[in-house]
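For reference, the structure discussed in these notes is given below.
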Amino acid sequence: MELTLQQQQDIGLDFVLDRLLPLSPLGREKKRALAPFAPSERDALQRELEDLGKAVALGDHPALRGFRQGLMQVRDIRATVARLKERDLDQVELFELKRYLLLLRGLAADFAALQASARWEDLALQEVPEAFAVLDPENSGNPSFSLRDQWSADLTAVREEKRIIEKQIAQAAGEAREALLVQRTGIVMREAEAEQRLCAALSQKLLPYRKAIADSLDALAHLDLLFAKAALVQELGGVRPTLTHKELSFVNMVHPAIRDSLRRQGAAFTPLSLSLVPGAAVLTGANMGGKSVCLKTLALNVYLTHCGLFPFADAATVPLFDGLCLVRGEGEDGREGLSSFGGELMAADAAARAVQHGFCLVLFDEFARGTNPAEAVKLQQGALSYFNASGSICLFVTHYEAVAARASRRFLTRGIRDLDVSEGRRMIEAGADKLAVLRRFMDYGIEEITDAAVPQKALSVAELLGVEEGLLQAIRQEYMTRPD
């Protein structure tokens, strides 16, 4: 299941990922590699969701605060650890390693406290005390690092020789001083060689622990992203989904980006509940009733589940799809020179091919809107028949009753309910924003219906918004003479 960057933006994935904030470079790289689990990886996804549920249940655990603070200090030293197998480390690299191993000691202690509460079955973080002891044999716990004289007899001797000659240099002058300086240069070179031999010896002692150190870095990357996911749930909400094989359903699902936008406008997002099974269903309703929002919300929450995140809903059952296909026409595709209609046809073609090879979720947003209505009906009816027999789950947004009549299941965005035009007009005349007034009477919820009738509310909306009276009268006349 892959989406283009444009599709990810269209469904609002960037809003969610912008708020998924790992604290270490390891976790941030793990986030960049975030990808949907395939149906063959069901067991791995199940474990990831279980682990996330336990992380969320920790709440504001004191050890979690300490762990996350430690994560902010972790640097990416994987290249240094990998070099252990290829060559000896230098003093700077040994310092980086010692600092990390000391930090790991505290992180492992915090994780042990978290594990006592969460009881993860497949997560572990182990410190490597044997490796730390190589770099801090005195067990000082000091993060600084230097090559100590007492670690090498050669280094002890050459440094003592250097101290003696430096005292002599301080007391000498003229040619005697110059000779001593030349002599010191030779000693410094021998000191560097002794230090290099000591670095080599330390590197060889560390080599047996290379894999354990690398494993701890991988574990920290995974834990960092896991706790970032948990923090996202605490910030935006979400629920652990149940993985199914065919049924897709959400209870009170929301789209966090649209919800946030509505809140800034003083409005609220209406949670959406929907249940789908293999075959083609239709979603109808008036303009501005939230049909496209429903498709985006559904696509986003399905995709998040496949990525091992919690969907934004009160309850969710989600099968694992081989593909998520979005068929919608929005302007022209300048890269391919395709019109909106041409782009829709290419997307429909890709979806038709995808369902031949796997179990997919296919979402059509008013397919063929870029052509004339008579042909659009035929195109939608044909597509609906094809995908209804595909064995995949398909949802069509349509305005056409002739299309809705072909579907085995029909859903309706409730749209405008109990519209009091006179009350709305009074509010607008009193200075209220027209769209805000319209939203007051709009019900964005979804319900399943048995007939194929598409609600006719456009005239009421035109009356509420105060369309010019002559135009309104002409429209009313058409309603009376042509009720179909």
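Heavy atoms only: backbone and side chains are in, while hydrogens, waters and symmetry mates are out.
Counting all heavy atoms, side chain and backbone alike, E127 lies closest to A108 at N-CB, 3.9 Å. Summarising the geometry of V251 relative to A313, their closest heavy-atom pair is O-CB, 3.5 Å, with the distance given to 0.1 Å. Between L103 and G70, the closest heavy-atom pair is CD2-O, 3.8 Å. The two residues L64 and G59 have their closest heavy-atom pair at CD2-O, 3.5 Å. Taking every heavy atom of both residues into account, L49 and P241 meet most closely at CD1-CG, 3.8 Å. In terms of heavy atoms, A228 sits closest to P22 at CB-N, 3.7 Å.
Counting only distance, with no hydrogens or angles, the side chain of H306 and the backbone of L45 share no donor-acceptor pair below 3.5 Å. The backbone N or O of L206 sits nowhere less than 3.5 Å from a side-chain atom of R210 that would complete a donor-acceptor pair. R410 places a side-chain N or O within 3.5 Å of a backbone atom of A405 that can act as its donor or acceptor partner. In this structure a side-chain-to-backbone donor-acceptor pair under 3.5 Å is missing from R19 to L232. The closest donor-acceptor contact from the side chain of D76 to the backbone of R78 lies under 3.5 Å. Put simply, the side chain of R42 never gets that close to the backbone of F37: no donor and acceptor are under 3.5 Å apart. Between the side chain of Q7 and the main chain of T4, a donor-acceptor pair closer than 3.5 Å is present. Between the side chain of H61 and the backbone N or O of L114 there is no donor-acceptor pair closer than 3.5 Å. Put simply, the side chain of K31 never gets that close to the backbone of L21: no donor and acceptor are under 3.5 Å apart.
In this structure, OH in Y400 is found 11.0 Å from CD in Q381, a value given to the nearest 0.5 Å. Considering CG of L226 and CG of L123, their distance stands at 6.5 Å, rounded to 0.5 Å. Here the CZ-CG distance, from F312 to N301, works out to 7.0 Å after rounding to the nearest 0.5 Å. The CG atom of L3 sits 9.5 Å away from the CG atom of D10 when rounded to the nearest 0.5 Å. Between the OG atom in S390 and the CD atom in Q356 there is a gap of 9.5 Å [rounded to 0.5 Å]. Between the CE atom in M253 and the CG atom in L304 there is a gap of 12.0 Å [rounded to 0.5 Å].
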(message) Under the criterion side-chain contact (heavy atoms from CB on, under 4.5 Å), I'd like the reasoning laid out for E48 against E41: C-alpha separation, chi angles, the key distance, then a yes or no.
(response) CA-CA 11 Å; E48 178 71 10; E41 300 172 304; over 6 Å; no
(request) Check step by step if side-chain contact (heavy atoms from CB on, under 4.5 Å) holds for Y209 and L84. (result) CA-CA 10 Å; Y209 311 111; L84 258 176; over 6 Å; no
(message) Working note: Y100 + T80, criterion side chain to side chain donor-acceptor pair (under 3.5 Å); need CA distance, chi angles, decisive distance, verdict.
(response) CA-CA 11 Å; Y100 168 72; T80 297; over 6 Å; no
(request) Show your working on side-chain contact (heavy atoms from CB on, under 4.5 Å) between C294 and L283 and close with a plain yes or no. (result) CA-CA 9 Å; C294 176; L283 175 62; 3.8 Å; yes
(request) Could you please spell out the steps behind the side-chain contact (heavy atoms from CB on, under 4.5 Å) verdict for L5 and Q8? (result) CA-CA 5 Å; L5 288 177; Q8 292 178 17; 4.0 Å; yes
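Q380 places none of its side-chain heavy atoms less than 4.5 Å from the side chain of V282. Looking at F227 and L58, their side chains come closer than 4.5 Å, going by heavy atoms from C-beta outward. Contact of the L248 side chain with the L298 side chain is registered, since non-hydrogen atoms from C-beta on lie closer than 4.5 Å. Put simply, the side chain of Q69 reaches to within 4.5 Å of the side chain of M72, judged on heavy atoms. Between E50 and D122 there is no side-chain heavy-atom pair separated by less than 4.5 Å. With contacts defined as side-chain heavy-atom distances shorter than 4.5 Å, the pair L107/V74 qualifies. Looking at P271 and D314, their side chains never come closer than 4.5 Å, going by heavy atoms from C-beta outward. Annotation: side chain of F367 is not in contact with side chain of L384 (no heavy-atom distance under 4.5 Å).
Exactly one of L217, L225, D224 qualifies for a side chain to side chain contact (heavy atoms under 4.5 Å, CB included) with L26. That residue is L217.
Under the side chain to side chain donor-acceptor pair (under 3.5 Å) criterion, R353 pairs with D349, sequence neighbours left out. For D43, there are no side chain to side chain donor-acceptor pair (under 3.5 Å) partners, not counting sequence neighbours. In this structure F310 satisfies the ring pair (Phe, Tyr, Trp, His ring centres under 6.0 Å) test with no other residue, sequence neighbours excluded.
Between R83 and E93 there is a salt bridge, with a side-chain nitrogen of the basic residue lying less than 4.0 Å from a carboxylate oxygen of the acidic one. A salt bridge links R264 with D260: the distance from a Lys NZ or Arg NE/NH1/NH2 to an Asp or Glu carboxylate oxygen falls below 4.0 Å.
Figure legend: R409 and F411 shown without cation-pi pairing, the cationic atom not lying both under 6.0 angstrom from the six-membered ring centre and within 45 degrees of its axis.
No side-chain donor-acceptor contact under 3.5 Å links T242 and T317.
At most 12 non-hydrogen atoms from other residues, nucleotides or ligands lie less than 6.0 angstrom from CZ of R75.
Using cut-offs of 30° and 60° on the angle between ring planes, the pair F111 and F67 is tilted.
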